[in-house]
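Lettering follows sequence order; numbering is per chain, from 1. All values below come from the heavy atoms of this structure, side chains included, with hydrogens, waters and symmetry mates left out.
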Amino acid sequence: MDVLKAAQYYINRIITDTSGMKVLLLDRETTPMISLVSTQSYLLSKEVFLVDRIENQQRDTMRHLKCICFVRPTNASIQALIDELRSPKYGDYYIYFSNILKKSMIELLAENDENEVVREVQEFYADFYAVTSNLFHIGLVPAQHPLFGEGHSWNPGALARTVQGLSALLLSMKKRPIVRYERNSAMALKLGQELEYLMNHEANLFGTQAASTTTQLLLLDRKNDPVTPLLTHWTYHAMLHELIGINNGRIDLSQVPDARGEVKEVMISQDQDSFFKQAQFLNFGDLGVSVKEFVDSYQAKTQSHHRIESISDMKRFVETYPEFRKLSGNVSKHVTLIGELSRLVSARHLLAVSELEQSLACNEQHSTDLKALRALIADARILPENKVRCVLLYALRYERAPGNATAELKQLLSSHGVDADMVATIDVVLRYGGARERQSDIFQNENIFSRGRNIFKGLQGTENVYTQHTPALAETLEQLVRGRQVQHWQERLPALDPATAVQVPTSEMGLRSQDIIVFVIGGATLDEEMAVARLNSKLAAQNVRIVLGSTCIHNSQTFLNELSATFFP
Amino acid sequence: MATRSRTFLFVQYRNSFGHLQRRRRTQAADTGPNAEEEGLIERTNEEGELVIELAHLPPRWVDLVGDFNQQLDDITSKTRKLEELHKKHLLPGFDDRSGEEREIRLLTQDITTQFQSCGELVRSVAQQQVFGQEQTVGRNIQASLAQRLQEKSQAFRKAQSAYMHRLSLRKDINSDVFAVDADHERAVSRKFDMTLSDEQLMAVEANEAVISQREGEISAIHQSIVELAAVFGQMQEMIIDQGTLLDRIDYNVETAVVKIAAGADELEEADRQQKDAVANKCIVALGVVVIILVVILLLKWL
């Protein structure tokens, strides 16, 4: 249950199954997929001497090289392959598809392989973007692939792509899960039905449903928790995505004022960057400490390198030089990134904003919140985006509270010069994930029991005001794994096929081993990834393994943009 | 991690299509009037010129990579042998071991020179005049070979320095032992009239010979490490730094496309400029001719 490993296994097989000098041809989507999990130097070490796009028409003929194609079975890629096979530029062809091929596609390829250059045609199910070992996404970037059709329904293209991506993931893990979906979400139901159909249709691939399967696929809908993507998060990975923006492991620093020339763009990866792996979930305060230690250890090494007096010093230097160079690049990268983060935090007064956000998300204090919110809107130093997000949180939490002042706050926003389009996103989000659409009690203010629990939690006190909020997903998963509130949850997450009853662990202690694949329709956040990673490490001894997937990885901005495009009133 | 091979199905389909095509082709050949006269190799094109299809000769680096692989394999087997010898040599023993030592020295030198020649090979990959994608391939090959060489040579150097370290440790121990001996001897000899017997002198001389020989050994190994370090330094420049943007696959694909496009643009630009240059020269030449003719005309009139 490690998505990164699964994808790496496939890539590894693809480039090592064929020996000799090779060309690797990729298409528009497999290029970023492979980039996330492998590196150029790894490809080079396996004698892949040229990597190019299959759509590129200006490739030179090199008959002495073997050609490996790794493409998605889309019409465009098949067409490009046909063009290639009609006038082959390389020696032998080994074609790997990242998903299930239609028979007609194979036929079409065979028909056009007049020179009989194709040696192999394989399906290798690496049809997803593996970001970290717990997190994958399908790559439905809102700008290019709209997720929603009309209102709460699928765009047909996005649905097909999601089914493909999820089925590839299941195949790569060799799982045939029990599919459960959120009862109030038509999109989750639709996706579940499509998946179930595919699993029955391709039964020889997925295997028949084992009665005692311990794998569950949970299809969740973002609309049931619109709060998490609206908050300012304080962990390293989440901050980078929220404040600077990560695009498939690449961070564009060209907007950063004090970045030096050679670091216009940097990359982060759990696999190749040990500091990032270790600091990924640290909050901003701990991050400062940890980067300080990192720089200190670097300094100590630099000093030992400066002192080259004897031959043995020299020898040691040469031996450790590559590592040293790698380290120095890494240090400067992280220092630049963290410097930029802290600049943005202070420039946008994010600490003050975050305090209010957390209070809105976690505590029920209408009058104090309203007062603080009015003061925040009047404050000219705070960015309009942050003001709108705070009002949004308010509108979501106190939607049904007596004395709701959302309308007044909207006017207040407009009078303080906030763009009308941005003010309108408040209605957009309410339409998308307002109380009417949600089924779960994310604010814990709907019935007396949860209110009581909430107050109790408040009495316990909090360690850190900026990180009080835990995503609703964390609680859902924890209760699910522990089998608490069975009736309630079964109601909320029914299995698609009622015949497969979900077994319930007998007691608190008897956590049975199970694998859970969570898929969030409408974008996951990196905060949820952290929740999953924490649960994984907590429950590792009980053999509970959880993987989080989504249609894309959202930060507050992409989330609001996507919603505005569909739910505009 | 399931996979599914569709090769069988594909080949089936291809064969069925292939049948059709071949049949069609043979039918066409049968009906053709001069099917039998068609040559096997020689063929003439529309202008009646003889065309002999030349197989694409692979560029030289194909051979270079083969050479390199062979050499590297050779090095691997030799290093393994050397390691065994090292182990054997480090065991204490009493027989004459100069032969063994000579073998070690020769093998070490051999491996070092082979590493150097590998380095030469890697450098020569880039020294060829190629254009377009061949250039990219050449650069990639160079990086790949350099990387592998680097790994190998680093392992070798580590093994060498570990061996050297242990050898020098042993030397220290031995000299300590000898020192005790010498003290003892001195004490003894002080007692016995301050003279050494012939046997004792012989023993001391033998010890000294052993020590100097060992020093020679160590310096030879040292030499090999230093030489390798030079190769290492040269290779370092060609390797892709891991963990940087240069190591991203998509970045490389994008820049390759951009570079090719830019190259094409540049070529066009150069082409245009060259054409312009020719035209300019013509204009100047014609202008000169006109002036000369006018002068001649004037001379004629006068």
Side-chain angles (χ1 to χ4, degrees), chain A residues 6 9-10 13 21 26 31-32 34-35 38-41 43-45 47 49-53 56 58-64 101 103 106-107 109-111 113-114 116 118 120-125 171-174 205 248 250 265-267 272-273 311 315 318-319 321-322 325-326 329-330, chain B residues 1-7 9-18 21 55-56 58-59 62 65 132-134 136-138 140-141 143-144 147-148 150-151 154 157-158 161 222 225-226 229 232-233 236 239-254 256-257 260-261 264:
Chain A
Y9 167 82
Y10 281 130
R13 278 278 306 274
M21 290 186 274
L26 303 167
T31 314
I34 207 171
S35 306
S38 191
T39 63
Q40 178 85 1
S41 51
L43 292 189
L44 285 179
S45 72
E47 295 192 283
F49 289 146
L50 186 64
V51 185
D52 209 334
R53 295 276 283 269
N56 185 2
Q58 293 161 322
R59 281 179 279 115
D60 297 343
T61 307
M62 282 181 244
R63 299 305 294 267
H64 43 276
L101 269 174
K103 283 230 168 88
I106 305 178
E107 214 167 332
L109 282 178
E111 192 180 348
D113 183 20
E114 285 165 11
E116 307 209 345
V118 177
E120 244 171 84
V121 180
Q122 299 249 32
E123 289 172 7
F124 272 41
Y125 307 102
L171 283 171
S172 77
M173 309 244 153
K174 282 194 170 164
L205 260 184
N248 284 328
R250 288 164 71 167
E265 200 174 4
V266 296
M267 54 173 283
Q272 296 140 35
D273 186 340
I311 291 283
K315 231 170 50 201
V318 174
E319 256 158 37
Y321 180 61
R325 214 160 92 159
K326 199 173 152 188
N330 212 2
Chain B
M1 293 167 208
T3 64
R4 179 162 67 168
S5 171
R6 306 312 292 261
T7 316
L9 194 63
F10 180 84
V11 170
Q12 258 183 345
Y13 281 138
R14 187 170 68 188
N15 285 344
S16 63
F17 284 118
Q21 277 168 7
H56 281 287
V62 176
V65 174
Q133 284 203 305
E134 296 263 319
T136 321
V137 175
N140 281 340
I141 288 180
S144 154
Q147 191 181 344
R148 273 163 59 199
Q150 207 75 318
E151 277 163 20
Q154 195 164 13
R157 276 181 312 129
K158 278 206 175 124
S161 52
H222 212 129
I225 291 182
V226 170
F232 192 80
Q236 192 57 42
I239 287 186
I240 296 176
D241 281 340
Q242 282 173 13
T244 60
L245 194 63
L246 291 178
D247 210 8
R248 281 284 291 208
I249 297 163
D250 49 2
Y251 175 79
N252 279 297
V253 171
E254 283 161 23
V257 173
I260 287 171

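The distance from atom CD of Glu47(A) to atom CZ of Arg148(B), rounded to the nearest 0.5 Å, is 5.5 Å.
Annotation: side chain of Asp250(B) is not in contact with side chain of Met267(A) (no heavy-atom distance under 4.5 Å).
Most heavy-atom pairs under 4.5 Å with chain B, from the set Asn248(A), Leu26(A), Leu101(A): that is Asn248(A). Contact tally against chain B (heavy-atom pairs below 4.5 Å) for Ser45(A), Ser38(A), Ala6(A), Ser35(A): the top residue is Ser35(A).
Arg4(B) touches chain A through backbone and side chain together, each having a heavy atom under 4.5 Å away. For Ile106(A), the parts sitting under 4.5 Å from any heavy atom of chain B are the backbone and the side chain alike.
When all heavy atoms of Leu9(B) and Lys103(A) are compared, the closest pair comes out as CD2-CE, 3.7 Å. In terms of heavy-atom proximity, Val65(B) sits nearest to Met21(A) at CG2-SD, 4.0 Å. Minimum interatomic distance between Arg14(B) and Glu116(A) (heavy atoms only, all atoms of both residues): NH1-CA, 3.7 Å. Of all the heavy atoms in Phe49(A) and Asn140(B), the pair that sits closest is O-ND2, 2.8 Å. Shortest non-hydrogen contact noted between Tyr13(B) and Ala110(A) is CB-CB, 3.4 Å.
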Step-by-step side-chain contact (heavy atoms from CB on, under 4.5 Å) determination, Arg250(A) to Tyr251(B): CA-CA 10 Å; Arg250(A) 288 164 71 167; Tyr251(B) 175 79; 3.9 Å; yes
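In this structure, Arg13(A) contributes its side chain and Thr3(B) its backbone to no donor-acceptor pair below 3.5 Å. Looking at Thr7(B), its side chain does come within 3.5 Å of a backbone N or O of Val121(A) through a donor-acceptor pair.
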